[in-house]
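Below: one structure, written as structure tokens.
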Amino acid sequence: MGAIQARLPLFISPSIKHHSFLHSSSSNSNFKVRSNKSSSSIIMATIKVHGVPMSTATMRVLAALYEKDLQFELIPVDMRAGAHKQEPYLSLNPFGQIPALEDGDLSLFESRAITQYIAEEYSEKGEKLLCPGCKKVKATTNVWIQVEGQQFDPNASKLAFERVFKGMFGMTTDPAAVQELEGKLQKVLDIYEARLSKSEFLACDCFTLADLHHLPAIHYLMGTDSKVLFDSRPKVSEWVKKITARPAWAKVIDLQKQ
């Protein structure tokens, strides 16, 4: 889940701590506070996401749900009170991390496993997220999904923590750590630049989970001086503009303002 997740309790907005919101697939404006009273105006969604909108891992899952245009219920986890380390949440994720997903009688944790499930289970809905090509295309997609998780995110998330979240926590950014992490991330982005000269997106010419999984860390880094790492590479810069401009991602960012 990364360094960012472990410190999320420090910056959860009090306004979202104790409410559940219902997503109607057309717009974020249709979120409603969950009520115990029955109402025909409220559509009960079978998909429930337990998490907080500012969490990078939760953002990843929300993006997949929006891309699929699925109805879902967002149930904020009161991390300030340690709800993620207690029952009943531990029955959903025994590691006490967010997010967790419920879909009927199925419960899942680990954001990338959740997005994979969403893409496969709801393959006929919304965007494909997994290119419906041959086995070689699927294999390539899996490679770049792994690259994001193993090569990009460990450096990008730590860099976002130094650049963004330390300030939120009243901590001092470590310039040496920033320099080291940027050096490591540059090497990854050099490989991305070469890859993106051969295809529109990382896996193929279709937007897939391999691209989507990058969005949370990129979102936070693009508001910092580390933005130059992406902007200085033409193909990477073009790719970032395309994936961050997706309507589904805009809904994720809007949700943080609720």
Side-chain angles (χ1 to χ4, degrees), residues 1-5 54-57 59-60 62-64 66-67 111-112 115 119 127-131 133 136-167 173-253 256:
M1 291 295 177
I4 295 174
Q5 288 260 24
M54 293 180 74
S55 150
T56 53
M59 292 166 75
R60 197 173 286 123
L62 296 175
Y66 280 128
E67 288 285 356
S111 63
R112 292 171 183 83
T115 61
E127 293 294 322
K128 291 296 182 185
L129 298 183
L130 292 172
C131 192
K136 290 183 179 179
V137 173
K138 292 178 181 178
T140 301
T141 302
N142 286 332
V143 165
W144 288 98
I145 287 174
Q146 291 296 317
V147 168
E148 183 277 330
Q150 301 297 322
Q151 304 293 333
F152 176 86
D153 191 66
N155 296 308
S157 288
K158 290 176 184 176
L159 184 57
F161 177 67
E162 289 289 341
R163 286 286 202 186
V164 180
F165 297 112
K166 271 194 171 181
T173 297
D174 181 350
V178 169
Q179 184 177 12
E180 179 183 0
L181 290 165
E182 286 190 337
K184 291 179 178 179
L185 189 56
Q186 284 186 65
K187 293 179 181 178
V188 176
L189 293 178
D190 283 343
I191 294 171
Y192 280 31
E193 182 73 8
R195 172 60 187 172
L196 290 165
S197 69
K198 300 174 182 177
S199 62
E200 185 175 356
F201 296 96
L202 281 176
C204 55
D205 289 328
C206 303
F207 176 80
T208 69
L209 292 180
D211 307 291
L212 181 148
H213 288 175
H214 289 78
L215 281 165
I218 285 176
H219 166 71
Y220 286 116
L221 289 177
M222 292 301 282
T224 74
D225 289 343
S226 295
K227 181 176 183 289
V228 68
L229 302 181
F230 300 89
D231 290 348
S232 62
R233 293 163 172 81
K235 293 296 183 181
V236 170
S237 178
E238 181 182 355
W239 169 70
V240 167
K241 288 176 183 177
K242 282 186 289 191
I243 66 174
T244 56
R246 295 183 68 82
W249 184 244
K251 291 180 180 180
V252 176
I253 302 308
Q256 294 184 334

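These numbers were taken from a predicted model, which means no experiment stands behind them.
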How many angstroms lie between atom [atom1] of [X] and atom [atom2] of [Y], to the nearest 0.5 angstrom?
| X | Y | atom1 | atom2 | result |
| --- | --- | --- | --- | --- |
| Ile218 | Glu148 | CD1 | CD | 9.0 Å |
| Lys251 | Glu67 | NZ | CD | 9.5 Å |
| Leu181 | Arg163 | CG | CZ | 10.0 Å |
| Leu62 | Arg60 | CG | CZ | 11.0 Å |
| Ile145 | Leu202 | CD1 | CG | 10.5 Å |
| Thr173 | Phe165 | OG1 | CZ | 12.0 Å |

For this session: Apply the test side-chain contact (heavy atoms from CB on, under 4.5 Å) to residues Leu185 and Leu221: give CA-CA distance (whole Å), side-chain angles for both, the deciding distance (0.1 Å), then the verdict.
Result: CA-CA 12 Å; Leu185 189 56; Leu221 289 177; 4.1 Å; yes
Do the side chain of [X] and the main chain of [Y] share a donor and acceptor less than 3.5 angstrom apart?
| X | Y | answer |
| --- | --- | --- |
| Arg195 | Ala203 | yes |
| Gln186 | Leu229 | no |
| Ser199 | Asp205 | no |

For this session: Would you sort out whether Glu162 and Glu182 count as a side-chain contact (heavy atoms from CB on, under 4.5 Å), showing the intermediate values?
Result: CA-CA 11 Å; Glu162 289 289 341; Glu182 286 190 337; over 6 Å; no
Does the side chain of [X] reach to within under 4.5 Å of the side chain of [Y], using non-hydrogen atoms?
| X | Y | value |
| --- | --- | --- |
| Leu129 | Thr115 | no |
| Leu209 | Leu130 | yes |
| Trp239 | Glu193 | no |
| Phe230 | Met222 | yes |
| Leu212 | Glu127 | no |
| Pro175 | Gln179 | no |
| Trp249 | Ile243 | no |
| Trp144 | Tyr192 | yes |

Could you pull out the closest heavy-atom pair between [X] and [Y], with the gap in Å?
| X | Y | answer |
| --- | --- | --- |
| Ser111 | Ala57 | CB-O, 3.4 Å |
| Pro154 | Gly149 | CD-O, 3.4 Å |
| Val240 | Thr244 | O-OG1, 2.7 Å |
| Ala248 | Tyr66 | CB-CB, 3.6 Å |
| Met54 | Met59 | O-SD, 3.9 Å |

Problem set entry | NZ/Lys227: more than 12 non-hydrogen atoms of other groups inside 6.0 Å |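 Check fails, neighbour count at 12 or below.
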Exercise. Salt bridge between Arg246 and Asp211, side-chain N to carboxylate O under 4.0 Å?
Worked result: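 Not counted as a salt bridge, because no side-chain N and carboxylate O are separated by less than 4.0 Å.
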Exercise. Any Lys/Arg nitrogen of Lys184 or Glu180 sitting under 4.0 Å from an Asp/Glu carboxylate oxygen of the other?
Worked result: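 Between Glu180 and Lys184 there is a salt bridge, with a charged N closer than 4.0 Å to a carboxylate O.
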Exercise. Does NZ or CZ of Lys242 fall inside the cone over Phe207's six-membered ring, less than 6.0 Å from its centre and within 45° of the axis?
Worked result: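 Negative - Lys242 is either too far from the ring of Phe207 or too far off its axis.
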